Amino acid sequence: TLTTLVFRTPVHLLHEIILVDDGSFQNHRQDVLKHFQLLDVMMVWYRRNSSVGIANARHFGIKQAAGDVVAILDSHMVVSEMWLQPLLATLSQKPRGIAVPL
């Protein structure tokens with residue numbers, strides 16, 4: 001997910017990447033941050049102390065976000081080229097809405 005997100009999203013549209021570990025057993029923080037440290041993108045990692053579930057982890061991440069638009073992606077997702085632009089175009093017409101890719 002991170003690789004396609006970073007390389008298929010125009011840098012001027014990517015304000016930050018927030019990673020929320022929902023308290024899972026595996027902690028890959030060092031590996032992920034080391035792999036992406038050379039990129040010109042702010043990346044923040046939050047690890048919950050106990051398993052809080054996916055909905056609570058997402059809600060926590062949304063509250064931490066500083067950008068105008070929040071995209072929620074799961075770890076198994078792969079984004080395609082030009083994935084974000086149509087969603088932003090939809091949101092520009094209805095700024096307090098939700099856009100879902102088809």
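Quick caveat: nothing in here was measured; it's all calculated off a predicted structure. Every heavy atom of this structure was used, including side-chain atoms; hydrogens, water molecules and symmetry mates were not.
Cluster membership for Val69 and Leu5, using ILVMFWY side-chain heavy atoms within less than 4.5 angstrom, is shared. Linking Ile, Leu, Val, Met, Phe, Trp and Tyr residues whenever their side-chain heavy atoms come within less than 4.5 Å leaves Leu73 and Ile54 in two separate clusters. Val70 and Leu88 fall into different hydrophobic clusters, where Ile, Leu, Val, Met, Phe, Trp and Tyr residues are linked whenever their side-chain heavy atoms come under 4.5 Å apart, directly or through other members.
Closest non-hydrogen pair, Gly61 versus Val20, comes out as CA-CG2, 3.7 Å. Residues Ala66 and Glu16 come closest through the heavy atom pair N-OE2, 2.6 Å.
Applying the salt bridge (Lys or Arg N to Asp or Glu O under 4.0 Å) test to Asp74 and every residue at least two apart in sequence or in another chain returns Arg58.
The ring pair (Phe, Tyr, Trp, His ring centres under 6.0 Å) analysis of residues 59-93, with sequence neighbours excluded, yields the pairs Tyr46-Phe60. Listed by first and then second residue, the side-chain hydrogen bond (donor to acceptor under 3.5 Å, both in side chains) pairs that reach into residues 62-72 come to none, sequence neighbours excluded.
With contacts defined as side-chain heavy-atom distances shorter than 4.5 Å, the pair Arg8/Val78 qualifies. A heavy-atom distance below 4.5 Å is found between the side chains of Ile72 and Ile62.
Of the residues Thr3, Val6, Thr4, the one that meets the side-chain contact (heavy atoms from CB on, under 4.5 Å) test with Val79 is Thr4.
Here the CZ-CD1 distance, from Arg96 to Ile98, works out to 11.0 Å after rounding to the nearest 0.5 Å.
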